[in-house]
Amino acid sequence: MITREQIATVLDHPVHDARGDKIGDARHVFFDDVTGEPEWVSVRTGLFGTSESFVPIHDAALVEDHLEVPYAKDQVKDAPNVDIDAGGHLSEQEEQRLYQYYGIDWDAAWQDAHSGTGQATGTTGTPGTTDNAMTRSEEEMHVGVERREAGRARLRKYVVTEEQQYTVPVRHEEVRVEREPITDANRDEAMTGSDITEAEHDVTLYEEQPVVETRAVPKERVRMTTEEVTEEETVTGEVRKERIETEGTDQHGDQRRRH
């Protein structure tokens with residue numbers, strides 16, 4: 001168990017779980033309203049330490065330069081969020097929620113800590129200093145970036161049909177009748193055969209026709225690549241700051257307050 005004298009050593013120091021994994025840093029220690037003993041420690045967790053989780057300090061131990069608690073890291077980080085009033089006070093109802101979450105018998109713990117007092121219970125947060133000084137803390141904004149999926153791009157190939165026109169020359173044969181007179185040179189050929197007869201003579205005609213043939217011809221290669229583009233975005237958030245003021249009387253009995 002952590003004593004009041006060890007609180008200054010605990011604050012702002014690492015908090016480890018039972019396996020030795022770091023959970024976060026100790027932020028505040030909360031004391032029991034009746035016994036005045038340390039009851040809870042809030043641990044800064046999450047990205048850049050932006051969240052605080054409560055963990056019982058009763059069975060914690062100070063090991064070298066860090067606080068070790070008998071709970072798993074994930075269990076502490078998933079502890080329920082509780083409301084703390086303006087005076088840094090943890091109500092009995094909120095404390096009971098935390099006891100239930102960590103599997104601690106609320107009735108047994110209450111009887112053990114408050115037997116014979118007959119007083120209502122609760123815990124009050126304090127920086128835990130044991131001298132005449134008070135620690136003033138501020139929240140600092142830490143902005144980072146996380147990589148997430150923004151969309152998908154896909155290459156898809158499909159087929160379209162287009163009409164194309166080409167003009168090509170084609171040739172064909174036509175019949176032309178030629179007549180020549182009978183001469184001594186062709187008389188013998190002309191006189192062969194019967195004098196008067198019927199006859200036929202066939203001539204085959206040829207023509208050219210366009211023939212269309214298609215072939216798949218590679219034209220280009222298409223691929224997708226990614227490139228990073230840097231843009232500036234402004235992030236706005238709220239941070240809390242503690243203020244310390246004093247109240248009292250000076251040697252003349254006048255009331256004074258200093259911020």
Chemist: Is any side-chain heavy atom of Lys219 less than 4.5 Å from a side-chain heavy atom of Val217?
Modeler: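 The answer is yes; the side chains approach within 4.5 Å.
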
Chemist: Should we say atom CD of Glu189 is surrounded by more than 12 heavy atoms from elsewhere, each under 6.0 Å from it?
Modeler: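 Atom CD in Glu189 is not crowded, with 12 or fewer foreign heavy atoms closer than 6.0 Å.
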
Chemist: Is Glu173 reaching over with its side chain to a backbone N or O of Tyr206, donor-acceptor style, under 3.5 angstrom?
Modeler: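 Indeed, once roles are kept as given, a pair shorter than 3.5 Å links the two residues.
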
Chemist: With heavy-atom distances below 4.5 Å as the criterion, would you say the side chains of Pro56 and Val69 are in contact?
Modeler: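 Contact flag for Pro56/Val69 side chains = no.
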
Chemist: Got a second to check how far His13's NE2 is from His66's NE2, nearest 0.5 Å?
Modeler: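 If we round to the nearest 0.5 Å, His13:NE2 and His66:NE2 are 11.0 Å apart.
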
Chemist: Quick one: does His28's side chain get under 4.5 Å of Arg44's, heavy atoms only?
Modeler: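 His28 vs Arg44: side chains apart.
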
Chemist: Flag yes if more than 12 heavy atoms outside Asp21 fall under 6.0 Å of its CG atom; otherwise flag no.
Modeler: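 Yes, because the 6.0 Å sphere around CG of Asp21 holds more than 12 heavy atoms from other groups.
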
Chemist: Which residue is it: Val55, Asp17, Asp59? I am looking for the one with a side chain to side chain contact (heavy atoms under 4.5 Å, CB included) to Pro70.
Modeler: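 When Val55, Asp17, Asp59 are each tested with Pro70, the side chain to side chain contact (heavy atoms under 4.5 Å, CB included) holds only for Asp59.
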
Chemist: Would a hydrophobic clustering, with Ile, Leu, Val, Met, Phe, Trp and Tyr connected at side-chain separations under 4.5 Å, put Met224 with Val222?
Modeler: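 Same hydrophobic cluster.
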
Chemist: With Thr45, which of Glu52, Arg27, Lys77, Lys22 fulfils side chain to side chain contact (heavy atoms under 4.5 Å, CB included)?
Modeler: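 Between Thr45 and the candidates, side chain to side chain contact (heavy atoms under 4.5 Å, CB included) is satisfied uniquely by Lys77.
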
Chemist: Under 3.5 Å, is there a donor-acceptor pair between the side chain of Ser53 and the main chain of Val43?
Modeler: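 Absent.
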
Chemist: Kindly give the heavy-atom pair with the smallest separation between Leu62 and Gln6, and that separation in Å.
Modeler: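 Shortest heavy-atom separation between Leu62 and Gln6 comes out as CD2-NE2, 3.9 Å.
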
Chemist: Heavy-atom count around Arg240 CZ within 6.0 Å, excluding the residue itself: above 12?
Modeler: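 Open: at most 12 neighbouring heavy atoms sit under 6.0 Å from CZ of Arg240.
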
Chemist: Below 4.5 Å, heavy atoms only, C-beta onward: do Ile57 and Phe30 meet side chain to side chain?
Modeler: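 The answer is no; the side chains never approach within 4.5 Å.
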
Chemist: Using only atom types and a distance under 3.5 Å, with no angle test, would you say the side chain of Tyr102 pairs donor to acceptor with the backbone of Ala79?
Modeler: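 Judged by distance alone, no pair lies under 3.5 Å.
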
Chemist: Examine distances only and state if a side-chain atom of Glu208 and a backbone atom of Arg171 form a donor-acceptor pair shorter than 3.5 Å.
Modeler: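 Judged by distance alone, yes, a pair lies under 3.5 Å.
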
Chemist: Output the distance between atom OG1 (Thr9) and atom CD (Glu64), rounded to the nearest 0.5 Å.
Modeler: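 Spacing of OG1 (Thr9) from CD (Glu64) equals 13.5 Å.
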
Chemist: Where do Val76 and Tyr71 come nearest, in terms of heavy atoms and distance?
Modeler: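 Looking at all heavy atoms of both residues, the closest pair is CG2-CB, 4.0 Å.
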
Chemist: Measure up the Trp40 and Tyr99 rings against each other and bin them: parallel (under 30°), tilted (30 to 60°), perpendicular (over 60°).
Modeler: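 Plane angle over 60°, so perpendicular.
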
Chemist: Between Val212 and Tyr166, does the side-chain contact (heavy atoms from CB on, under 4.5 Å) criterion hold? Intermediate values first, please.
Modeler: CA-CA 10 Å; Val212 177; Tyr166 292 92; over 6 Å; no

Chemist: Looking only at heavy atoms, which two atoms of Pro80 and Tyr101 are closest? And how far apart?
Modeler: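 Heavy-atom minimum between the residues: CD-CG, 3.5 Å.
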
Chemist: Would you confirm whether Arg223, through its side chain, and Leu155, through its main-chain N or O, come within 3.5 Å as a donor-acceptor pair?
Modeler: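 Absent.
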
Chemist: On a heavy-atom basis, which atom in Asn186 and which in Glu180 lie closest, and how many Å separate them?
Modeler: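 For Asn186 and Glu180, the tightest heavy-atom pair comes out as ND2-OE2, 3.5 Å.
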
Chemist: Distance from Ile23 atom CD1 to Gln75 atom CD, nearest 0.5 Å?
Modeler: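 If I round to the nearest 0.5 Å, the distance is 9.0 Å.
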
Chemist: Working to the nearest 0.5 angstrom, can you tell me the gap between Glu174 CD and Glu207 CD?
Modeler: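 Output value for this atom pair is 10.0 Å.
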
Chemist: Which atom names give the shortest non-hydrogen contact between Val41 and Ala26, and what distance separates them?
Modeler: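 Residues Val41 and Ala26, closest heavy atoms: CG2-CB, 3.9 Å.
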
Chemist: Nearest 0.5 Å please: distance from the NE2 atom of His172 over to the CD atom of Gln209.
Modeler: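 One gets 12.0 Å once the value is rounded to the nearest 0.5 Å.
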
Chemist: For the atom pair CG (Asp202) and OG1 (Thr204), what is the distance rounded to the nearest 0.5 Å?
Modeler: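 Rounded to the nearest 0.5 Å, the CG-OG1 separation comes out at 7.0 Å.
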
